[in-house]
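Every value quoted in this text rests on a predicted model; they were computed, and no experiment measured them.
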Amino acid sequence: RFIDVQGHELGHAIIQYEADLIYEGQSGALNEHVADVFGITVKHWVEGKDVNSGSWSIAQGLWKSSQGSDYRALRDMASPGTAYPGDDQPAHMSEFYDGQEDNGGVHINSGIPNKVFYLLCTGLGGNSWDKPLKIWYQTIKDQRVTGQRTGFRPFAAATYNVAKRKYDEATANLVRDCWNKVGLVI
């Protein structure tokens with residue numbers, strides 16, 4: 001049960017080994033985001049769901065609330081900020097959290113790249129563990145591109161470059177367009 005949570009936590013070990021993203025600010029939000037990517041792709045794979053039929057909620061059903069079904073999940077990658085009452089995850093850079101809480105917003109701001117990954121997956125169709133996961137994994141794996149304090153914009157540019165190098169111009173342009181939709185123009 002909650003294979004996505006298990007995938008997320010194991011993802012942190014991969015991230016530490018491959019990219020060692022510092023756990024604060026934007027690099028910390030990317031750390032959380034990439035762990036969510038691992039979690040959701042493991043969930044889709046185990047459930048045999050493609051990007052259109054699979055759930056994009058992390059830890060769906062984990063919370064049993066006395067207030068009813070308002071507490072759907074811990075995070076919703078398709079619709080950041082809607083997983084539970086008080087969920088303050090932004091889905092766009094215009095709502096970026098720039099405070100000190102949550103280690104500079106590591107869980108809060110991960111909603112922005114989570115939305116990008118969702119948009120890319122649904123834009124490509126098929127399985128989240130195919131092209132999208134391979135692009136993201138190759139991006140964190142290349143430490144020349146993603147240093148320990150990598151921010152959103154350099155990470156976005158790196159995903160574009162990986163997609164262009166590994167796949168084709170059309171895939172790379174879709175990656176770029178997804179980042180643009182959340183306010184990160186690359």
Side-chain angles (χ1 to χ4, degrees), residues 4 7-8 11-12 14-15 18-22 25-45 49-58 75-81 89-96 105-186:
D4 51 347
H8 171 100
H12 280 302
I14 294 167
I15 295 159
E18 295 288 14
D20 200 20
L21 293 166
I22 301 294
Q26 286 190 22
S27 60
L30 286 169
N31 191 313
E32 277 300 319
H33 157 66
V34 174
D36 281 350
V37 165
F38 284 123
I40 206 70
T41 56
V42 165
K43 178 180 177 177
H44 289 168
W45 184 75
K49 303 283 186 166
D50 66 19
V51 299
N52 294 309
S53 62
S55 168
W56 286 92
S57 295
I58 302 286
R75 283 190 277 286
D76 186 334
M77 294 178 75
S79 185
Q89 271 203 318
H92 194 275
M93 284 301 289
S94 64
E95 301 166 329
F96 182 83
V106 298
H107 295 94
I108 297 168
N109 289 322
S110 66
I112 296 167
N114 277 358
K115 181 69 175 191
V116 172
F117 190 77
Y118 165 78
L119 291 170
L120 176 63
C121 288
T122 55
L124 288 171
N127 297 313
S128 58
W129 62 85
D130 286 335
K131 278 185 184 181
L133 177 62
K134 290 174 182 173
I135 293 167
W136 257 237
Y137 178 67
Q138 186 63 47
T139 300
I140 66 160
K141 189 175 167 186
D142 190 351
Q143 293 182 10
R144 294 166 300 163
V145 175
T146 54
Q148 291 182 313
R149 294 202 177 273
T150 295
F152 287 177
R153 194 170 311 283
F155 185 85
T159 59
Y160 170 82
N161 291 328
V162 166
K164 190 172 183 178
R165 188 173 62 248
K166 191 169 179 68
Y167 295 106
D168 53 42
E169 190 80 29
T171 302
N173 289 341
L174 180 59
V175 168
R176 182 197 60 221
D177 293 347
C178 292
W179 285 106
N180 291 349
K181 285 180 183 176
V182 302
L184 282 156
V185 178
I186 56 169

Please work out whether the ring planes of Phe155 and Trp179 are parallel, tilted or perpendicular, with thresholds of 30° and 60°.
perpendicular
What's the verdict on side chain to side chain contact (heavy atoms under 4.5 Å, CB included) for Asn127 and Trp45, showing C-alpha distance, side-chain angles and the deciding distance?
CA-CA 8 Å; Asn127 297 313; Trp45 184 75; over 6 Å; no
Could you list the residues that satisfy side chain to side chain donor-acceptor pair (under 3.5 Å) with Lys164, not counting sequence neighbours?
none
For Arg149, salt bridge (charged side-chain N to carboxylate O under 4.0 Å, His left out) partners two or more places apart
Glu24
Are any of the side-chain heavy atoms of His12 and Glu32 separated by less than 4.5 Å?
yes
Are the side chain of Thr122 and the backbone of Tyr118 linked by a donor-acceptor contact shorter than 3.5 Å?
yes
Show your reasoning for whether side chain to side chain contact (heavy atoms under 4.5 Å, CB included) applies to Phe117 and Ile40.
CA-CA 10 Å; Phe117 190 77; Ile40 206 70; 4.3 Å; yes
Where is the tightest heavy-atom contact between Pro90 and Pro80, given as atom of each residue plus distance?
O-CB, 3.6 Å
Here the gap from Thr171 atom OG1 to Arg165 atom CZ, rounded to the nearest 0.5 Å, amounts to 13.5 Å
Closest approach of Asn109 to Pro113 (non-hydrogen atoms, all atoms of both residues)
O-CD, 3.3 Å
Heavy-atom side-chain contact between Ile135 and Val175 under 4.5 Å:
yes
With a 4.5 Å limit on heavy-atom distance, are the side chains of His92 and Lys181 in contact?
no
Taking the side chain as C-beta and beyond, is there a heavy-atom pair between Leu124 and Leu174 under 4.5 Å?
yes
May I ask you to test the Leu184-Ile112 pair for a side-chain heavy-atom distance under 4.5 Å?
yes
Closest contact, heavy atoms only, Trp129 versus Lys49:
CZ3-O, 3.6 Å
If you compare all heavy atoms of Val116 against all heavy atoms of Cys178, which two are closest, and at what distance to 0.1 Å?
CG2-O, 3.8 Å
From CA spacing to verdict: side chain to side chain contact (heavy atoms under 4.5 Å, CB included), Trp56, Val51
CA-CA 8 Å; Trp56 286 92; Val51 299; 4.0 Å; yes
Nearest-0.5 Å distance that lies between atom CD1 in Ile140 and atom CD1 in Ile14:
7.0 Å
What are the two closest heavy atoms between Gly126 and Asp50, and how far apart are they?
O-CB, 3.1 Å
Are the side chains of Arg75 and Ser110 in contact, using a 4.5 Å heavy-atom criterion?
yes
So do the side chains of Asp4 and Val42 get within less than 4.5 Å of each other, counting heavy atoms only?
no
Keeping Asn180 on the side-chain end and Ile186 on the backbone end, is there a donor-acceptor pair under 3.5 Å?
yes
All heavy atoms of Ser57 vs all of Lys43, minimum pair found to be O-NZ, 2.8 Å
Check for a donor-acceptor pair, side chain of Gln89 on one end and backbone N or O of His107 on the other, with a separation under 3.5 Å.
yes
Under 3.5 Å, side chain of Asn31 to main-chain N/O of Leu21, donor-acceptor pair present?
yes
Return the CD1 to NE2 distance between Ile15 and His33, rounded to the nearest 0.5 Å.
9.0 Å
Do the side chain of Lys115 and the main chain of Met77 share a donor and acceptor less than 3.5 angstrom apart?
no
Any donor-acceptor N/O pair, His8 side chain to Val34 backbone, under 3.5 Å:
no
Measuring from Leu120:CG to Leu133:CG, what's the distance to the nearest 0.5 Å?
11.0 Å
State, with a plain yes or no, whether a side-chain heavy atom of Phe38 is found less than 4.5 Å away from one of Trp136.
no
For the pair Asp76 (side chain) and Ser79 (backbone), establish whether a donor and an acceptor sit closer than 3.5 Å, ignoring hydrogens and angles.
yes
